[in-house]
A.B. asks: 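Pasting a structure here, questions to come.
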Amino acid sequence: MSGYATQIAAILIINVVAAYAAYMPLACGQLNLGIAGFMAIGAYTSAVLNGHGVPLGLSILGGACASTIAGLAVSIPVLRARGIYLTIATLAFSEVVAAVLLNVNALGGASGFVVNDHMSVAPMAAVMVLVLAAVVWLSSTRFGLCMTAVRNDGRGTAVFGVKVRRVEIAALTIGAGFAGVAGALYAHHFNYLEAQHFNVLLSTYAVLYALLGGLQTPVGPLIGALVFTLVPEFLRSTDQWRYVGFGVCIILLMLLRPEGLLTRRLIHDLPFRRRLA
Amino acid sequence: MLAQQLVNGLLLGGIYALVALAFSLTIGILNFLNFSIPALFMLGGIVSCAMLSKGYGIGLSVAVALAVTGGASLIIERFTFRWLKNSDSHIPLVSSLGFLILFENLVVIYFGSDAVGYPSPFGGASIRVAKLLLSLPQLASFAISLALIVTCYVVVTRTKLGRGLRSIAESSVISEMLGVDVGRTVSGMYLISGLLAGMGGALFGISYLQVSWDMGSEVALKGISAMVLGGMGNIWGALLGAMIIAGVEVLTISYVSSEAVNVVVYGLLLLLILVMPNGLLGDRAILVERM
Amino acid sequence: MKPLLFLHGITLTFGGLSVIDNLDIQVRKGSRCGLIGPNGAGKTTIFNLLSGVYRATAGEILLDDEPIDDVPLDRRIDLGIGRTFQNLRLMKHLTVLENIMLGQHRLVGSWARILAPLGGRWNRAWRDEAMEVAETLGLRDDVDRLAQGLSYGVQKRIEIARALVGRPRLLLLDEPAAGLNSSEREELVTVLASSLPRDTTVLIVEHDTGFVRTLCDHTVALNFGRKIAEGDPASVCGHPLVVEAYLGKDEPIYRNRPQPALSNEAAFQRNDNAA
Ligand SMILES: Nc1ncnc2c1ncn2[C@@H]1O[C@H](COP(=O)(O)OP(=O)(O)O)[C@@H](O)[C@H]1O
Ligand SMILES: [Mg+2]
């Protein structure tokens, strides 16, 4: 693969995993705008572990664990309030993480942090497939059923004995873990971390990929991230016109397909649709 | 020194308050975090700056900027409010993000990505009172902000539009049944929040003599913090929260370091939302929270 | 026979307006009890009290002699209280079968089962049971469709199926026949008469007196949150106070009644966040 193609593939993989980090809480109706913060935690944890001689695979796992714990710690108190409060709290959390990283000199501060081991695209793709498989599997279970039910009608779901808060906490925590994986992949592919990279815009894009792809099926975020990472590359326009096009696409898509590109009805209408029973 | 910093914080707080109020209105009434507000703020600054550079007067420049932001806000309303009645509340939020990305990058294309000096006719005029150095444009901006917030309060509490807004906050379905023209009332609210954000942007240019395509994002985050601190949907809360956030920001810069600002401001916001999600003044002034 | 359900002196007020007023109701185990009364009488409110959406201002609710007032909304079903909603509350992004299977949640229990694929071996028994209930309610052909967009009558039956698969001890049906045409209605009566398990106690809110007479063995009539008649369905439906309540009569009590602003369902929706 040429350098350019490798670059695009790596970015695509990271975007897909980040999209799933956003998808998990969204699938039960909660918007996490702190994906970047969880990514940063995963990235820096993995990089530091790796720097201390921990093998690459274990470092990434360590990064995922750290962001999972952070996700749990944030979601338990915040999900008491939910809705818009959760969105703002995760946003604030992410900004705090980035700001703290910027101020810690041991982690490079504003000048950046060099990461030891390099990870090539093939193992990254394998990790992405693992994440994808985990989400597909979760969605096919009763847990997935509960997530969708909670998104559709939280209080109505509680009537059936579903512990709504637990479902939401679990989803946000798992999503945070995925974000940590995405961050760790980023760290080890580009081998260089800057705290400024993990900003609101990064979270926003992760959320957009998930929503534009559609929340109704576990494949939606994959489609969203694929389309909105690759199409601008093919257009090869300048950066700014590309973003303008992206903005217009978002607005039009919400107008024409507010439920996202891929919906259950669409799959249902396909000739080779899968059946549940 | 401390007094000087506090005054600077207070004056900066006026601008944060306008943005906080713009956010607070849409959250209080439609329970919708409108991400196009930073774009409108930025447009307010950029458009008035462009007009001034072409040699037009400050009055006309600001008026045109407000017309642009108000109009843009009404267009955004077409693309966001329509879906708010549906259960999936993420749709308007996503559309508003689309507008943010669109406007910011259009501005980069036409005005470049560097910060531009704001050719204010008042420059950096200042007066000295006791030991304090007061920037006149900042003082004037602060006064205008206060006046706008009071006006907004009067509109929400005393006028027919305000009554409509408060009843929509309670329930848009029931308001409709009771004969409130929901579409027009909501348009009115978008217009108000667009004008508040646009005015905030123009006043920012006049006060700090610099505008750029990304000036909205930072201020918007501070505005959201201020809104939460004061209490979502609470008009005076937006003002109080903005004063405190700006004060904390200015004090942190002068006594700790400018790098520590975000740690302190967002740490405060995070702590607040965890322990006191209703803010200092409570979040029920415009309405009870909804899903 | 001792009552399964005992509402004792229940009162519920919303900001000064009393919606349920010192109400006593006893429901025998295994009984099919009709609950009738004009709109706004407080029937749905009683269901909301039983399923934990509201908490009584005064009084006590006993289920099998156990007070249940302190049991939160998401644990009421563990007591065996299942319900349907007058205004349908199906999950629009789930298929009919998935909606029904949601009703089994309380029985499924362990995390291991919750994390097993719905289409797999572990869930076969659950799936078969859901299919069986779907079939008895005539939903066989619709199980793979998305719940959203199906006809009103079908959606009503999905609600009933979803409540039934939870194997409730006490089943609350809120106007199961409302909005159906007369043939659909007759069909539903037959289906319910045959498919409701014998040992399940059922409380049915219905306006259709024919429906109540066929299905119920006992009936309570309410008006303005008070009990106005009780006894066997035929005599309650013909009771002068009941006829009067439905047909309306210009009595002072009717004129001075403040008109409530919000419906139950709207309030339920509004509380979403408070939970
Ligand atoms: N949350 C609430 N706030 C105020 N009034 C309520 C609320 N819930 C129910 N009510 C009122 O209680 C009365 C009984 O309602 P309901 O139980 O739905 O009647 P129905 O017998 O038709 O089912 C109605 O007048 C309704 O408006
Ligand atoms: Mg009712």
Side-chain angles (χ1 to χ4, degrees), chain A residues 26-30 79-86 133-134 136-168 170 174 214-218 220 259-260 263-269 273-277, chain C residues 51-53 72-78 81-83 85 88-95 97-99 101-108 111 113-120 122-124 126-128 130-131 134 143-149 162-163 165-166 268-275:
Chain A
L26 278 172
C28 42
Q30 302 300 321
L79 277 168
R80 242 181 342 184
R82 317 223 263 278
I84 225 134
Y85 291 93
L86 178 85
V136 169
W137 170 62
L138 275 178
S139 308
S140 75
T141 64
R142 219 168 252 286
F143 178 71
L145 190 77
C146 292
M147 289 205 300
T148 309
V150 168
R151 174 170 91 244
N152 282 177
D153 181 357
R155 221 165 141 77
T157 308
V159 172
F160 298 100
V162 177
K163 306 286 179 289
V164 173
R165 253 193 83 200
R166 277 193 219 165
V167 173
E168 288 169 339
I174 295 170
L215 302 176
Q216 291 184 18
T217 70
E259 299 272 4
T263 57
R264 286 193 83 162
R265 194 163 293 276
L266 185 75
I267 293 177
H268 200 272
D269 292 343
R273 67 169 201 245
R274 257 184 49 209
R275 290 180 145 241
L276 177 85
Chain C
S51 59
V53 179
L73 176 69
D74 57 6
R75 304 204 63 105
R76 291 283 170 115
I77 194 159
D78 293 338
I81 301 177
R83 74 173 289 182
F85 294 94
L88 305 165
R89 295 186 75 139
L90 294 173
M91 309 306 165
K92 61 179 180 182
H93 291 145
L94 293 178
T95 64
L97 188 63
E98 287 166 338
N99 262 294
M101 287 179 86
L102 181 64
Q104 298 167 329
H105 188 85
R106 76 155 184 129
L107 303 167
V108 175
W111 273 97
R113 296 240 187 92
I114 286 175
L115 292 178
L118 278 179
W122 277 81
N123 271 302
R124 178 169 303 151
W126 295 112
R127 222 163 48 231
D128 290 346
M131 280 299 277
V143 283
D144 285 332
R145 299 236 174 90
L146 286 179
Q148 192 181 25
R162 187 171 65 174
V165 290
F268 193 98
Q269 223 92 41
R270 237 158 51 99
N271 282 339
D272 266 6
N273 245 18

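Numbers restart at 1 for each chain; the letters A, B, ... are given by sequence-line order, proteins then strands. We use all heavy atoms of the structure for the numbers below, so side chains are in, but hydrogens, waters and symmetry mates are not.
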A.B. asks: For side-chain contact (heavy atoms from CB on, under 4.5 Å), just list the numbers for A:V162 and C:R106, CA-CA rounded to whole Å, side-chain angles, deciding distance to a tenth of an Å, and then say yes or no.
C.D. replies: CA-CA 7 Å; A:V162 177; C:R106 76 155 184 129; over 6 Å; no
A.B. asks: Can you name the closest pair of heavy atoms from C:L94 and A:R264 and give their distance?
C.D. replies: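 Scanning both residues, the minimum pair turns out to be CA-NH1, 4.0 Å.
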A.B. asks: Heavy-atom distances under 4.5 Å only: say whether A:T157 touches chain C with side chain, backbone, both or neither.
C.D. replies: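 Both backbone and side chain.
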A.B. asks: Below 4.5 Å from any heavy atom of chain A, which atoms of C:W122 appear? Answer side chain, backbone, both or neither.
C.D. replies: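 Nothing of C:W122, per the 4.5 Å heavy-atom cut-off to chain A.
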A.B. asks: Does some side-chain heavy atom of C:Q104 sit less than 4.5 Å from a side-chain heavy atom of A:F160?
C.D. replies: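 A:F160 vs C:Q104: side chains apart.
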A.B. asks: Side chain, backbone, both or neither: which part of C:R76 has an atom under 4.5 Å from a heavy atom of chain A?
C.D. replies: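 For C:R76, no heavy atom lies under 4.5 Å from chain A.
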A.B. asks: Using a distance-only test with no angle check, is there a side-chain donor-acceptor pair under 3.5 angstrom linking C:H93 and A:R151?
C.D. replies: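 Per modelled atom types, C:H93 and A:R151 side chains form a pair under 3.5 Å.
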A.B. asks: If you apply the rule side-chain contact (heavy atoms from CB on, under 4.5 Å), what do you find for C:V53 with A:R155, and how did you get there?
C.D. replies: CA-CA 9 Å; C:V53 179; A:R155 221 165 141 77; 3.9 Å; yes
A.B. asks: Examine whether an atom of C:N99 lies under 4.5 Å from a heavy atom of chain A, and if so say whether it belongs to the side chain, the backbone or both; otherwise answer neither.
C.D. replies: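 For C:N99, no heavy atom lies under 4.5 Å from chain A.
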A.B. asks: Holding to side chain to side chain contact (heavy atoms under 4.5 Å, CB included), I want the full list of residues that pass it with A:W137, two or more places apart in sequence or in another chain.
C.D. replies: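 For A:W137, the residues satisfying side chain to side chain contact (heavy atoms under 4.5 Å, CB included) (neighbours in sequence not counted) are A:S140, A:T141, C:L115, C:P117.
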A.B. asks: Below 4.5 Å, heavy atoms only, C-beta onward: do A:V159 and C:L73 meet side chain to side chain?
C.D. replies: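 Counting from C-beta outward, A:V159 and C:L73 do come under 4.5 Å.
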A.B. asks: Considering non-hydrogen atoms only, spot the tightest contact between A:A149 and C:L102 and give its length.
C.D. replies: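 Scanning both residues, the minimum pair turns out to be CB-CD2, 3.8 Å.
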A.B. asks: Heavy-atom pairs under 4.5 Å with chain A are the metric here; pick the option from C:D78, C:L90, C:I77, C:I81 that has the most.
C.D. replies: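 Sorted descending by pairs with chain A, the first entry is C:I77.
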A.B. asks: Could you tell me whether a side-chain N or O of A:D153 sits under 3.5 Å from a main-chain N or O of C:M91, the two making a donor and an acceptor?
C.D. replies: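 No, because the side chain of A:D153 does not come within donor-acceptor range (under 3.5 Å) of the backbone of C:M91.
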A.B. asks: Go through the structure and list residues passing side chain to side chain contact (heavy atoms under 4.5 Å, CB included) with C:D74, not counting sequence neighbours.
C.D. replies: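 Applying side chain to side chain contact (heavy atoms under 4.5 Å, CB included) to C:D74 gives A:A158, A:K163, C:P72.
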A.B. asks: Below 4.5 Å, heavy atoms only, C-beta onward: do A:R142 and C:N123 meet side chain to side chain?
C.D. replies: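 Yes, close enough: below the 4.5 Å cut-off.
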A.B. asks: Any idea which heavy atoms bring C:R89 and A:G156 closest together, and the distance?
C.D. replies: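 Distance-wise, the nearest heavy atoms are NH2-N, 3.8 Å.
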